[in-house]
**Q** 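One structure follows; several queries about it will come next.
What you are looking at is a predicted structure, and each value in this text was computed from that prediction instead of being measured.
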Amino acid sequence: MPMAPSRTSLGTTLCLISAAGFGMSAVFAKETYQAGAGVQTMLTVRFALAALLFWALVAWRRPAFPAGRTLLTCVGLGAVGYACQATFYFGSLARIDGSLAALLLYTFPPIVTVIAIALGRESMDRRRLTALACSVLGVLLLLGSGVRPGAAGGVALALAAACTYALYLTVANGLPEDLDLYLVSAIVCTSAAVSLALISVSTGSWQPPAQPDGWLWTGLLAVFSTFVPIICMLAGMRVVGASTAAIVSYAEPAVTVASTALVYGERLAPTQFLGGAVVLVAVLILSSDRAWPSPALRRAFRRNATPALTDEHVEPHPSPAVAGRAGAGNG
């Protein structure tokens, strides 16, 4: 039975709120940097605050806790995968414009496809080949007009973030079907916070904000660009489904481009605008025929669902990895 328009609108709105929250992470991060905070310090506090909120939600829901290899995989996703991806992406924001970093990050779906083909999970066809060609063309256009001196490192970090996120999603899609995604988010955020804290302390790179408002911006990053977007995405997907929510989430880089333009006056060159559009076309091509996540994960979401927003027990979500995505954006 088709969903009522009001319910569809609610689900779409929740997904748009999620995309807006993730898209605003560039502004929150840049403001934190201007207050004197280091990248790893900001991320440690961000993940720690988000983890506290998720654990409060888990305590209320009381889901079954993973054990053994599954638990180790979740911890590894946070301590290694997410910690590295976030460090790369937010490190790039300290070196290049947020709009460019966000669009480069959105090359991750084609990279996921390349990994799946390399692992034999998917086969090359005309649609995938077209998407990969569009992605390469988009990156070339984004970088074709050149970057300012000293920004090459930021470009490399943004592309490294895309590759790391693609690997992260690939591993996360192998998790068992019956995991509670809020619990996965709590474990991932906690592991990332601990990992980044240990690295910061051991390398002497712990650098708290020199100005008090730096803590405020970090808190906004944790709440409104981490916890709230993840909750809204989960709730929105429960209503409209994974495919629709994934497409709506492509508004995220548009929010980053618009917000950084308004706040910092960042402007993409015409060829970069075209390149960003081509990158997003590649993502849409890949989404046209394959709902994200896999059918197995969608069955898991139905089992995990609660009737909070709808009478239908459907709680689709891109993956346990995306459930814990703290700004990649996808950041």
**Q** Using the salt bridge (charged side-chain N to carboxylate O under 4.0 Å, His left out) rule, collect all pairs that involve residues 194-217, keeping only residues at least two apart or in two chains.
**A**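 Sorted pair list comes back empty.
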
**Q** Would you mind listing the cluster partners of Leu132? Hydrophobic ones only (ILVMFWY), side-chain contacts under 4.5 Å, chaining allowed.
**A** Val114, Ile117, Met124, Leu129

**Q** For residues Leu137 and Leu274: do they belong to one hydrophobic cluster (side chain heavy atoms under 4.5 Å, members Ile, Leu, Val, Met, Phe, Trp, Tyr)?
**A** yes

**Q** Would you check if Leu183 and Leu179 make a side-chain contact, meaning some heavy-atom pair closer than 4.5 Å?
**A** no

**Q** Can you tell me which residue among Val188, Val112, Asn173 is in a side chain to side chain contact (heavy atoms under 4.5 Å, CB included) with Tyr168?
**A**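 Option passing the side chain to side chain contact (heavy atoms under 4.5 Å, CB included) with Tyr168: Val188.
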
**Q** Are the side chain of Gln272 and the backbone of Leu142 linked by a donor-acceptor contact shorter than 3.5 Å?
**A** yes

**Q** How long is the span from the CG atom in Leu105 to the CD atom in Gln85, to the nearest 0.5 Å?
**A** 6.0 Å

**Q** Given 3.5 Å as the limit, does a donor-acceptor pair link the side chain of Lys30 with the main chain of Leu93, or not?
**A**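 A pair under 3.5 Å: yes.
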
**Q** Working to the nearest 0.5 angstrom, can you tell me the gap between Leu196 CG and Thr41 OG1?
**A**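 Between Leu196 CG and Thr41 OG1, I get 9.5 Å after rounding to 0.5 Å.
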
**Q** Using a distance-only test with no angle check, is there a side-chain donor-acceptor pair under 3.5 angstrom linking Thr32 and Trp215?
**A**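 Note: Thr32 and Trp215 side chains miss the donor-acceptor criterion.
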
**Q** What distance separates Ser225 OG from Trp217 CH2, expressed to the nearest 0.5 Å?
**A**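 Result: 10.5 Å between the selected atoms.
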
**Q** Just by distance, do the side chain of Thr203 and the backbone of Ile199 share a donor-acceptor pair under 3.5 Å?
**A**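 Answer holds: yes.
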
**Q** Above 12 or not: heavy atoms from other molecules or residues under 6.0 Å from OH of Tyr250?
**A**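 More than 12 heavy atoms, drawn from other residues, nucleotides or ligands, come within 6.0 Å of this atom.
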
**Q** For Thr164 and Phe88, indicate whether the former's side chain and the latter's backbone hold a donor-acceptor pair under 3.5 Å.
**A**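 Flag not set: sc Thr164 to bb Phe88 has no pair under 3.5 Å.
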
**Q** Rounded to the nearest 0.5 Å, how far apart are CH2 of Trp60 and OH of Tyr182?
**A**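 Result: 8.5 Å between the selected atoms.
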
**Q** Kindly indicate, with the supporting measurements, whether the criterion side chain to side chain contact (heavy atoms under 4.5 Å, CB included) is fulfilled by Leu53 and Leu57.
**A** CA-CA 6 Å; Leu53 295 173; Leu57 186 58; over 6 Å; no

**Q** What's the spacing between Tyr165 OH and Thr170 OG1 if we round to 0.5 Å?
**A**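 The OG1 atom of Thr170 is 11.0 Å from OH of Tyr165, to the nearest 0.5 Å.
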
**Q** Can Ile17 and Phe22 be said to form a side chain to side chain contact (heavy atoms under 4.5 Å, CB included), step by step?
**A** CA-CA 9 Å; Ile17 292 173; Phe22 286 129; over 6 Å; no

**Q** Linking I/L/V/M/F/W/Y whenever any side-chain heavy atoms sit under 4.5 Å apart, do Phe273 and Val139 land together?
**A** yes

**Q** Give a yes or no answer on whether the side chain of Gln34 reaches the backbone of Glu31 with a donor-acceptor pair at less than 3.5 Å.
**A** no

**Q** Mind checking who shares a hydrophobic cluster with Leu119, ILVMFWY linked at side-chain heavy-atom distances under 4.5 Å?
**A** Ile111, Ile115, Leu167

**Q** Looking only at the aromatic ring of each residue, does the gap between the centers of Phe54 and Phe227 stay below 6.0 angstrom?
**A** yes

**Q** Test your reading of the model: is there a side-chain donor-acceptor pair from Asp125 to the backbone of Arg127, 3.5 Å cut-off?
**A** yes

**Q** Of the non-hydrogen atoms in Ser18 and Pro229, which two are nearest, and what is the gap between them?
**A** OG-O, 2.8 Å

**Q** Distance only, no hydrogens: is a donor on one side chain within 3.5 Å (strictly under) of an acceptor on the other, for Gln40 and Ser205?
**A**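 Result is yes, a qualifying pair exists.
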
**Q** Test Asp180 against every option in Pro66, Ser185, Pro63 by the side chain to side chain contact (heavy atoms under 4.5 Å, CB included) rule and name the one that passes.
**A** Pro63

**Q** Quick one: does any side-chain atom of Ser135 pair with a main-chain N or O of Ala131 as donor and acceptor, under 3.5 Å?
**A** no

**Q** Going only through I, L, V, M, F, W and Y residues with side-chain contacts under 4.5 Å, is there a path from Val45 to Val39?
**A**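 Shared cluster, no.
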
**Q** Nearest 0.5 Å, please: how far is CG in Leu77 from CD1 in Ile187?
**A**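 If I round to the nearest 0.5 Å, the distance is 10.0 Å.
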
**Q** For Thr113, is there any backbone N or O sitting under 3.5 Å from a side-chain donor or acceptor partner on Arg128?
**A** no

**Q** Work out which heavy atom in Cys134 is nearest to a heavy atom in Val278; give both atom names and the distance.
**A**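 Smallest interatomic distance, heavy atoms only, reads O-CG1, 3.0 Å.
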
**Q** Would you say Thr12's side chain and Ser9's backbone share a donor-acceptor pair under 3.5 angstrom?
**A**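 Side chain of Thr12 to backbone of Ser9: no pair is present.
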
**Q** Between Gln207 and Gly36 (side chain of the first, backbone of the second, donor and acceptor by atom type, cut-off under 3.5 Å), is there such a pair?
**A**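 Yes, Gln207 side chain to Gly36 backbone: donor-acceptor pair under 3.5 Å.
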
**Q** Is it the case that one hydrophobic cluster holds both Ile230 and Phe90, taking links as side-chain heavy atoms less than 4.5 Å apart, direct or via other members?
**A** yes

**Q** Let me check something: do Leu221 and Leu216 share a hydrophobic cluster, defined by ILVMFWY side-chain heavy atoms less than 4.5 Å apart, either directly or through other members?
**A** yes

**Q** Under a 3.5 Å cutoff, is there a donor and acceptor pairing between the side chains of Glu266 and Thr260?
**A**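 On atom types as modelled, these side chains qualify, holding a pair under 3.5 Å.
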
